[in-house]
Number of protein chains: 2
Amino acid sequence: MRGLDTTDIAILAALYTQPDLNNKTLAEQVGLAPSSCHERVKRLHNEGVIISTQLHVDMERLGGHIQAMVAVRLSAHDRNTVAGFQRDLLVTTEVVSIYHTGGENDFLLHVSVPNALHLRDFVFDQITSRQEVNHVETALVYDVKVSQQLPVYP
Amino acid sequence: MRGLDTTDIAILAALYTQPDLNNKTLAEQVGLAPSSCHERVKRLHNEGVIISTQLHVDMERLGGHIQAMVAVRLSAHDRNTVAGFQRDLLVTTEVVSIYHTGGENDFLLHVSVPNALHLRDFVFDQITSRQEVNHVETALVYDVKVSQQLPVYP
DNA sequence: GTTGAAACAATGTGGCG
DNA sequence: CGCCACATTGTTTCAAC
């Protein structure tokens, strides 16, 4: 668990904005030889600073004509209940991502579904049917935008 | 705007789960020659089915010790007001992603900040100070999990 | 961290089903 | 017309410095 120097940050910032940058170009941008640069990138992966790279796809083209944010409140908040809910929902086809939150709701589920009926069935079959679920609220998602800048602090 | 065949779906599903898969291995998995496979992937990019690939980094290691979901309600909902808010907030360091939603709230902002004071200042300076903002609610985000399965429908 | 060479993968062209 | 095999180009990777 080493600290990150300015070169590491420069590499992360560049890759965050342009994840497909090849190693040679990246090395130029951060002022390193290709091999040194490559080693740093590998290290950032190994140390878990770069967790993964994710594909961003057009949900519409995959038949996901509706996206929604489903807010879920549980009635029990022990570790097993919370972890079990998260684990089970993460592997459903509909769920894109899960935010585990504090405050009024315990989870925000970003889902992609083909139509309104499917959304209703998903909420009934995968959420409200679970005994630990206390409250569910669903909001339509028009659009998701992802920042292209690394949220980094000194 | 062509339809996707089963091979396209197989490629997308494989890349969604393992985005770093090289073309040769991908071709094997979907039963195509490397060059044909490569052409398909290129086409999926060009047609906008694959929008981009994003880096997933450890916020903690970047000094983002607190993540939060900030729900924002506007007082005006004309296109310019909504687009302006989204555009301005997307380029702040703190914001990781923005969900434009229907229902009670207009936006959900996923933010990463170094500490609670910074979060408070961000909300004051970038959000409540804007005249079109009507209501703000902030919830702590403990954890974000992203699905490794493509949300695809026939 | 750098350099340079070997191994490898990505891309373009031409031929086959 | 889409798929495959080969050749070219370029990138990754590993040695020695």
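Protein chains get the first letters and strands the later ones, always in sequence-line order, with residue 1 at the start of each.
Applying the side chain to side chain contact (heavy atoms under 4.5 Å, CB included) criterion to His56(A), with sequence neighbours excluded, gives Ile51(B), Ser52(B), Gln54(B). Residues meeting the side chain to side chain contact (heavy atoms under 4.5 Å, CB included) test with Asn46(A), sequence neighbours left out: Lys42(A). In terms of the side-chain hydrogen bond (donor to acceptor under 3.5 Å, both in side chains) criterion, residue partners of Asn22(B) (sequence neighbours excluded) are, by chain and number, Thr25(B). Residues satisfying the side-chain hydrogen bond (donor to acceptor under 3.5 Å, both in side chains) criterion with Thr101(B), sequence neighbours excluded, are absent altogether. Partners of His45(A) by side chain to side chain contact (heavy atoms under 4.5 Å, CB included), not counting sequence neighbours, listed by chain and number: Val41(A), Ile50(A).
Salt-bridge annotation for Arg61(A) and Asp8(B): absent, with no side-chain N of the basic residue lying under 4.0 Å from a carboxylate O of the acidic one. We find that Asp5(B) and Arg40(B) are joined by a salt bridge, their nearest charged nitrogen and carboxylate oxygen being less than 4.0 Å apart.
Side chains of Gln86(A) and Asp143(B): a donor-acceptor N/O pair is present below 3.5 angstrom, by distance only. Asp106(B) and His77(B) are linked by a side-chain donor-acceptor pair at a separation below 3.5 angstrom, with hydrogens and angles left out of the test.
What you find for Thr81(B) and Ala76(B) is that their closest heavy atoms are CG2-O, 3.8 Å.
One axis for each end of the helix from dG1(C)-dC17(D) to dG17(C)-dC1(D), each built from five base pairs, and the angle between them comes to 30° at 10° resolution.
Sequence neighbours left out, the pairs with a member in residues 117-144 of chain A that pass ring pair (Phe, Tyr, Trp, His ring centres under 6.0 Å) are His118(A)-Tyr153(B), Tyr142(A)-His100(B).
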Name the pairs: protein N/O against N/O of nucleotides 1-4 of chain D, kept only if under 3.5 Å.
residue: dC3(D); atom: OP1; partner: Arg40(B); partner atom: NH2; Å: 2.7
residue: dC4(D); atom: OP2; partner: Ala33(B); partner atom: N; Å: 3.0
residue: dC4(D); atom: OP2; partner: Ser36(B); partner atom: OG; Å: 3.2

Identify all pairs in which a protein N or O lies below 3.5 Å from an N or O of nucleotides 14-17 of chain C, and state each distance.
none

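Residue order along DNA chain D, read from the 5' end via each residue's closest nucleotide, puts Thr25(A) first among Lys42(A) and Thr25(A).
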When the side chains of residues 10-20 of chain A are checked against the rest of the protein, which donor-acceptor pairs come out under 3.5 Å, sequence neighbours left out?
residue: Thr17(A); atom: OG1; partner: Ala13(A); partner atom: O; Å: 3.1
residue: Thr17(A); atom: OG1; partner: Gln148(A); partner atom: O; Å: 2.9

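Think of Tyr99(B) as one node in a network of Ile, Leu, Val, Met, Phe, Trp and Tyr side chains linked at under 4.5 Å; its network also takes in Met69(A), Tyr99(A), Leu108(A), Val141(A), Val144(A), Met69(B), Leu108(B), Val141(B), Val144(B).
In this entry the distance linking NE2 of His38(B) with P of dT9(D) reads 17 Å, nearest Å.
DNA chain C lies under 4.0 Å from at least one heavy atom of each of the following residues of residues 16-24 of chain B: Asn22(B), Asn23(B), Lys24(B).
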